[in-house]
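Quick notes on the structure that follows.
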Amino acid sequence: MALKIAVLPGDGTGPEVTREALKVIKAVAELEKFEYTTEEFDFGGDRYLATGHIIDDADIANLKNNYDAILLGAVGHPDVTPGILEKGLLLRLRFALDQYINLRPVKLYPGVETPLKDKGPEDINFDVIRENTEDLYCGAGGFLRKGTPQEVATQEMIATRFGVERCLRYAFDFCRNKKKTGDGKGLLTLVHKTNVLTFAADLWFRAFNEIGEADYPDIKRDYNHIDAACMWFVKNPEFYDTIVVPNMFGDIITDLGAMIQGGMGIAAGGNINPDEGGTSMYEPIGGSAPKYTDQNVINPMAAIGAAAMLLQNSGQQAAGDRIEAAIKKSTPQMKSMSAGRMGYSTTEAGDLVVSEL
Ligand code: IPM
Ligand code: MN
């Protein structure tokens, strides 16, 4: 059966990088001989400004029932108030499709410059598994006496045993699988803030140890406070194998992760619903970079990496691996991962990966 991909190019430079990702999927499908279809959707800032429509229940049901995976370009439009599209489109999709895992590999590819002195591809190679449907992202909270000098605002950190446990199990399994394939040392690090967040972190910490002890005795458990993890990302990134982290802290440390792997131009991620029949969504983790729109200068590698992850997680492992290998051969030929300084245009960078397939 053909793989059905929904394509959401989105805003800003999203369409440009998505085009290159699709070019690479087309080429690898010919080489690896698999069938797929794509359908494009124009959800995003322009459509919202023109029609007021962001995405509704029928759109969600369509994506859920009729597609195996989603390839997303970027969300965020300079003329739309910040928050509207982020919440109304990106977070809405993650929540409605129950994409409870946000998998963000932090991998320094060959030839890519890292701001970390004396660190190379063998030092920066780990995976962050960010819980993607709970925590401060639930939108729980509110105002009291808004606009008065006595105003109160709350924003609640939600951790449910169910949500935490399914994320932890995915992380343990992921870490175990990496150990099996020789890609990891079987070390899972929980990142939280147990010394201050004594309720939410306590639930995570107990679940982590209970599940690990009962079902994953072969996986070594480790714990870092979030602030310490930021320090180690810079000082000793080679220590990490797999990290599991709640949503908000995961958001923050994966931007740091993206920087040490060479920047937003190369960092890809997957919003994954690992359950039977789940629809997952893959994206470059950077934003829509409006100032570079339509100049053919943005780096498409992150979007191409997202395409590789999509295939790897949608029954086309060999094709996904083949794209990843081609990225590894392409990056040493590029001058930089930054927009406008690659030594290649956006379309040429896509062609480069195709030629290395
Ligand atoms: C990300 C982004 C989003 C997040 C925003 C745009 C809502 O920063 O994908 O990391 O916070 O998750
Ligand atoms: Mn982010």
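Counting starts at 1 for both ligands and their atoms, in listed order.
Among all protein heavy atoms, the one lying closest to atom 6 (C) of ligand 1 is Glu86 CG, 3.5 Å. Summary of contacts: the protein heavy atom closest to atom 11 (O) of ligand 1 is Tyr137 OH, 2.6 Å. Among all protein heavy atoms, the one lying closest to atom 1 (C) of ligand 1 is Arg104 NH2, 3.4 Å. Closest to atom 9 (O) of ligand 1, if we only count protein heavy atoms, is Arg94 NH2, 2.7 Å. Atom 5 (C) of ligand 1 has Leu90 CD2, 4.2 Å as its closest protein atom, hydrogens excluded (heavy atom only). Counting only heavy atoms of the protein, atom 2 (C) of ligand 1 lies nearest to Asp251 OD1, 4.0 Å.
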Could you go through the side-chain hydrogen bond (donor to acceptor under 3.5 Å, both in side chains) check for Tyr100 and Asp275 one step at a time? CA-CA 10 Å; Tyr100 58 90; Asp275 299 343; 2.7 Å; yes

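Looking only at distances, no side-chain donor or acceptor of Glu131 sits under 3.5 Å from a matching main-chain atom of Asn247.
The distance from the Mn ion (ligand 2) to the nearest N/O/S atom of Asp251 is under 2.8 Å.
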Give every donor-acceptor pair under 3.5 Å between a side-chain atom in residues 189-198 and any protein atom, sequence neighbours left out.
unit_1 : atom_1 : unit_2 : atom_2 : d
Thr189 : OG1    : Asp222 : OD2    : 3.1
Lys193 : NZ     : Asp227 : OD2    : 3.1
Thr194 : OG1    : Tyr223 : OH     : 3.1

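In terms of polar-atom proximity, defined here as any N/O pair under 3.5 Å, Arg130 does make such a contact with ligand 1.
Counting heavy atoms from C-beta outward, Leu8 and Leu93 have side chains that approach closer than 4.5 Å. Annotation: side chain of Ile70 is not in contact with side chain of Phe41 (no heavy-atom distance under 4.5 Å). Lys119 is not listed as a side-chain neighbour of Leu108, based on a closest heavy-atom distance of 4.5 Å or more.
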